[in-house]
Amino acid sequence: MITEKIFGKKNPVIGVVHLLPLPTSARWGGNLRDVIRRAEQEATALTAGGVDGIIIENFFDAPFTKDNVDPATVSAMTLIVDRIMNLVMLPIGLNVLRNDAKSALAIASCVGANFIRVNVYTGVMATDQGLIEGKAHEIQRYRRELGEDIAIFADVLVKHARPLGTPNLTTAVQDTIERGLADAVILSGWATGLPPSIEDLELAQSAAKGTPVFIGSGATPDNIADLMTFADGVIVSSSLKRHGRIDETIDPSRVSQFIEAAQTPMVSSNPSTSTLTKTVNQT
């Protein structure tokens, strides 16, 4: 399984480093050293807390371009990711928001990162950036041209978006894996900080047929053991930050608390039943 290949274990916890605004973004502060300093502090805090991997994304660049980011963004992220990779000994991934998978692959190829996250990999989603079309063919072709073994983690019915039409979750997962050739899929709630339902995770894991399913949002120490019943890993950010606030920095003690909760087996008081034919609308 790709999780064991990259992280050396099943059910990895991947912490997120949210970069401060980068050059050319609306809130760019003019000092890249400040961005680097905070990114290094957060990567160190995640590592000290015990995460199994880190994903770095230009989260505070909002409002995002829907596809190709500015070259200055690529340059800054390359520099920052390289610094972090020389600072911590963990698998590193990238997410270039909103949906610039080619830039993510290019950066990963240059610095030796392990994986990327793609928000819209297949299908068409209506987002606050407009309509975003999945480009699985272009992404796969570019990865082959680069000649790098970089894993592609693809969101299915990504948060902060609505699909054109009302697709069945099972079909969406199968298309992402079987037609898009994603190495892992990610399931989130409607928005940042909201978790997917247990029922949807169960559906996705059944449809994935052994391909890893990651929780992409909303995981907390209180719900992670339950959510992991039907997941193969988790990507987490908000609940690891001071006071649980998205704009704060990573708190190592909250990271440790989350890791401990994720490793504690839990028997749900309301176990889900088979929902393999359910049609869902939650992203």
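Under 3.5 Å, the side chains of D251 and S253 contain a donor-acceptor pair of N or O atoms. Between the side chains of Q140 and R143, at least one donor N or O lies within less than 3.5 Å of an accepting N or O. Residues R242 and T249 bring a donor and an acceptor atom of their side chains to less than 3.5 Å of each other. Side-chain atoms of N99 and D67 include no donor-acceptor pair closer than 3.5 Å.
The aromatic rings of H18 and F60 stand perpendicular to each other, their planes meeting at an angle above 60°, with 30° marking the opposite boundary.
The environment of CD in E260 is sparse: at most 12 heavy-atom neighbours from other residues, nucleotides or ligands sit within 6.0 Å. Other residues, nucleotides and ligands contribute only 12 or fewer heavy atoms inside 6.0 Å of the CD atom of E133. Open room surrounds CZ on R179; 12 or fewer heavy atoms of other groups in view lie less than 6.0 Å from it.
For D175, the salt bridge (Lys or Arg N to Asp or Glu O under 4.0 Å) test picks out no residue, with sequence neighbours left out. With sequence neighbours left out, the salt bridge (Lys or Arg N to Asp or Glu O under 4.0 Å) criterion links E57 to no other residue. In this structure R141 satisfies the salt bridge (Lys or Arg N to Asp or Glu O under 4.0 Å) test with no other residue, sequence neighbours excluded.
A salt bridge is defined here as a Lys NZ or Arg NE, NH1 or NH2 lying under 4.0 Å from an Asp or Glu carboxylate O, and K5 with D149 meets this definition. Taking 4.0 Å as the cut-off between side-chain N and carboxylate O, E138 and K102 do not count as a salt-bridged pair. For K10 and D232, the salt-bridge test fails: no basic side-chain N is under 4.0 Å from an acidic carboxylate O.
Linking ILVMFWY side-chain heavy atoms closer than 4.5 Å, directly or via other members, places V173 and L157 in a single hydrophobic cluster. The same ILVMFWY cluster, assembled from side-chain heavy atoms under 4.5 Å apart, contains both V35 and V17. At a threshold of 4.5 Å between side-chain heavy atoms, the hydrophobic network of Ile, Leu, Val, Met, Phe, Trp and Tyr places I139 and L146 in one connected group. With hydrophobic clusters built from ILVMFWY side chains whose heavy atoms lie under 4.5 angstrom apart, I6 does not share a cluster with V111.
Taking the six-membered ring for Trp and the full ring otherwise, F64 and F59 have centroids separated by 6.0 Å or more.
With rounding to the nearest 0.5 Å, the separation of OG1 in T170 from CG in L203 is 4.5 Å.
The main-chain N or O of V69 is never found under 3.5 Å from a side-chain atom of T73 such that the two would form a donor-acceptor pair. Put simply, the side chain of T44 gets close to the backbone of E40: a donor and an acceptor are under 3.5 Å apart.
You'll find the side chain of F258 reaches within 4.5 Å of the side chain of V234, heavy atoms only. Side-chain contact check for R117 versus I186: some heavy-atom pair is nearer than 4.5 Å.
Across every non-hydrogen atom of A219 and I224, the tightest pair is CB-CD1, 4.1 Å.
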_Derivation and outcome, ring pair (Phe, Tyr, Trp, His ring centres under 6.0 Å), residues F115 and F7_ = CA-CA 11 Å; F115 63 100; F7 305 100; 5.7 Å; yes

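A side-chain contact (heavy atoms from CB on, under 4.5 Å) with I215 holds for exactly one of S188, P196, P195; it is P196.
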